[in-house]
Structure formats: structure tokens, C-alpha cells
Amino acid sequence: MTRAAHAFLLALRDLPHPRVLRVLAQSLALTLLLLAASGAAIFFAARWTLAHWQWLDGAPLDMAGVLIVLLIVAGSWLLFRAVAIVVIGLFADGIVADVEGRHYPAAARRAVDVGWPQNIRLALASLTRLIGGNLLALPVYIVLLVTGIGTPIFALLVNALLLGRDLEAMVLARHPDHPRLDRPARWSLGLLSAASFVVPVANLLAPILSAAMAVHMLHLGKGDPET
């Protein structure tokens, strides 16, 4: 966790750089656009469903409406993370290349080019793991609802595991011969990243911050000099 905290602090220092800010603005605009479109689609689908449930009326219909609203609110974090991870996957190579070029020039010279097709494949793979992992965990989420706090804690742990894998794959795409992170390092990377998605306002920076942190984690772990 010490290495992850060091990588996190280094990633914070990367945020003010012009290229990072440019990618942040582009990815944030696209994230919010897709999030708004997804939210609108869910809202209107819910309204249509309620309007066409002829067998529900009165109190049951009201209860169904409340349940749908609660499900939308509960899923908003997951929806944001799903959209954000796809968008950052599309811009990942630019972030990784910028951080490597400034901090790890030797590693940047060894890197292979990652084109749009591979970025899209990585983003879709991340989305598939996100949906699949959370669907598998759904029964546990439901059971833990009675505890009040158990569900968000378990969701954080599940998504930390998924995020660590996704972020590692994003950087390793440029360095296919680089050894993988060990399990504790990958876990701490995912945990800090998943936690940053939970904090309001900070979660808007979380995708870029997580990508930069993954670069530092990988190269610091190998012993590449940080300039």
C-alpha cells in the first residue's frame, strides 16, 4: 500500500500538465455526455414500463416507481464507472504516453504503439468485466442490504479487484514484455482507484488519476527511475 500511496501522490502532481488537462477535458466532456444519454434512456424506459404495467395501480404502482428510482440511484455509481472506464480506455494511450515521457523516458522509448482498435478492445473488455463481475456479486449485494453498509463495502472490494486488473492491462498494452504487478500491488492500485470513484467531485478526476497512478505503479515496481 505504501507504493500505491506514492504512485497516487505522483499522479496528483501530473494533473496540472497541459496534455493531461487536455485529455481530462475531452474525456470528461464525453463521459458526461454518455452519462446523460444513459441516464435519460433509463429514466424514459422506467417511465414507459410503469405506464404499461396495466396490472399495477394505486399504491403498488407508487411502490414500483419508488423502487425503480432507488435502483437508479444505487446504480448511478456503477453507471458512472462503466461510462468512465470506457471513455478513459479510448484516451488511455495518450495519458500513459505523457506520464511515461516525462517521468520514465527509458520506458517510453521501449514502448510499443497502441492504436485505436486495441484501445477499443481494452475498453470493451473492461466494460465486460465490470458488468459480469457486478452481476455475479449481485446476490451478495442484495443479501448485505440488511446490514446498511455491507453492500457498498463489498461493492468497493469487488470493483477494486476489477479496476486493478483493468488499469494494469491498460499500461501493459504498451509494454507487453513487462512483468505483471504482484497481487498486493494490483489490489492496492484497484482499491485506491475504486475509492476515488466514490468521492463526489473527485470522481470526475478519478479515471485520469487512476491511469496515471497505474503508470507509476508499474514502473516504480520495476525500479525505473522517476524523474
Side-chain angles (χ1 to χ4, degrees), residues 1-14 77-78 80-82 84-86 88-89 92-93 95-97 99-100 103-104 106-108 110-112 114 118-119 121-141 143-144 149-199 202-203 205-226:
M1 185 58 76
T2 302
R3 191 167 116 208
H6 183 201
F8 181 78
L9 293 176
L10 291 173
L12 282 175
R13 287 167 45 191
D14 287 320
W77 175 76
L78 182 60
F80 175 80
R81 220 219 86 184
I85 204 68
V86 169
I88 197 57
D93 192 48
I95 292 294
V96 175
V99 175
E100 283 184 348
H103 294 276
Y104 312 99
R110 296 192 302 265
V112 300
V114 179
Q118 187 170 359
N119 278 335
R121 285 196 297 271
L122 287 171
L124 292 178
S126 296
L127 181 62
T128 301
R129 282 191 289 269
L130 171 69
I131 295 173
N134 282 278
L135 283 178
L136 286 175
L138 184 59
V140 182
Y141 292 163
V143 170
L144 290 176
I149 196 173
T151 296
I153 291 177
F154 188 67
L156 179 67
L157 298 179
V158 168
N159 286 278
L161 183 64
L162 297 171
L163 259 179
R165 169 69 179 83
D166 292 338
L167 292 168
E168 180 191 51
M170 181 183 65
V171 183
L172 286 179
R174 286 173 52 85
H175 301 278
D177 297 328
H178 196 294
R180 295 187 61 184
L181 292 171
D182 56 55
R183 188 171 297 176
R186 188 163 55 250
W187 166 252
S188 57
L189 169 64
L191 186 60
L192 282 178
S193 299
S196 66
F197 273 93
V198 177
V199 182
N203 59 3
L205 304 175
I208 299 292
L209 191 62
S210 298
M213 183 166 56
V215 178
H216 290 298
M217 282 286 288
L218 203 73
H219 294 305
L220 287 174
K222 190 180 179 182
D224 289 331
E226 192 276 316

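Atom set for the values below is all heavy atoms of this structure, side chains included, hydrogens, waters and symmetry mates excluded. For reference, positions follow the sequence shown, starting with 1.
- When atom types are taken as modelled, the side chain of E168 and the backbone of R186 share no donor-acceptor pair closer than 3.5 angstrom.
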Test side-chain contact (heavy atoms from CB on, under 4.5 Å) applied to D182 and W187, step by step:
CA-CA 9 Å; D182 56 55; W187 166 252; over 6 Å; no
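- Counting heavy atoms from C-beta on, the side chains of R165 and R180 come closer than 4.5 Å.
- Here the closest non-hydrogen pair linking A137 and V158 is CB-CG2, 4.1 Å.
- In summary, the aromatic rings of H216 and H103 are positioned with their centroids under 6.0 Å apart.
- With values rounded to the nearest 0.5 angstrom, L138 atom CG is found 9.5 Å from T151 atom OG1.
- Note: Y104 and H219 have tilted aromatic rings, judged against thresholds of 30 and 60 degrees for the angle between ring planes.
- In this structure, CD1 in I95 is found 12.0 Å from CD in E100, a value given to the nearest 0.5 Å.
- In terms of heavy atoms, A5 sits closest to L192 at N-CD1, 4.0 Å.
- The two atoms that bring G133 and L162 nearest to each other are CA-CD1, 4.3 Å, heavy atoms only.
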For L181 and L172: C-alpha separation, side-chain torsions, deciding distance, then whether side-chain contact (heavy atoms from CB on, under 4.5 Å) applies.
CA-CA 10 Å; L181 292 171; L172 286 179; over 6 Å; no
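- Atom CD1 of I149 sits in a sparse spot, with 12 or fewer heavy atoms from other residues, nucleotides or ligands closer than 6.0 Å.
- For the atom pair NE2 of H175 and CZ of R110, the computed distance is 7.0 Å after rounding to the nearest 0.5 Å.
- M217 and A185 get closest at one heavy-atom pair: CE-O, 3.2 Å.
- Heavy-atom minimum distance, L220 versus L10: CD1-CD1, 3.8 Å.
- A distance of 7.0 Å separates CG in L167 from CE in M213, rounded to the nearest 0.5 Å.
- When all heavy atoms of L144 and G150 are compared, the pair lying nearest together is CD1-O, 3.6 Å.
- Taking CG of L189 as the start and OG of S210 as the end, the distance is 7.5 Å to the nearest 0.5 Å.
- To the nearest 0.5 Å, atoms CG (L218) and NE2 (H178) are separated by 4.0 Å.
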I would like to know whether L163 and L130 meet side-chain contact (heavy atoms from CB on, under 4.5 Å); could you show each step before the answer?
CA-CA 8 Å; L163 259 179; L130 171 69; over 6 Å; no
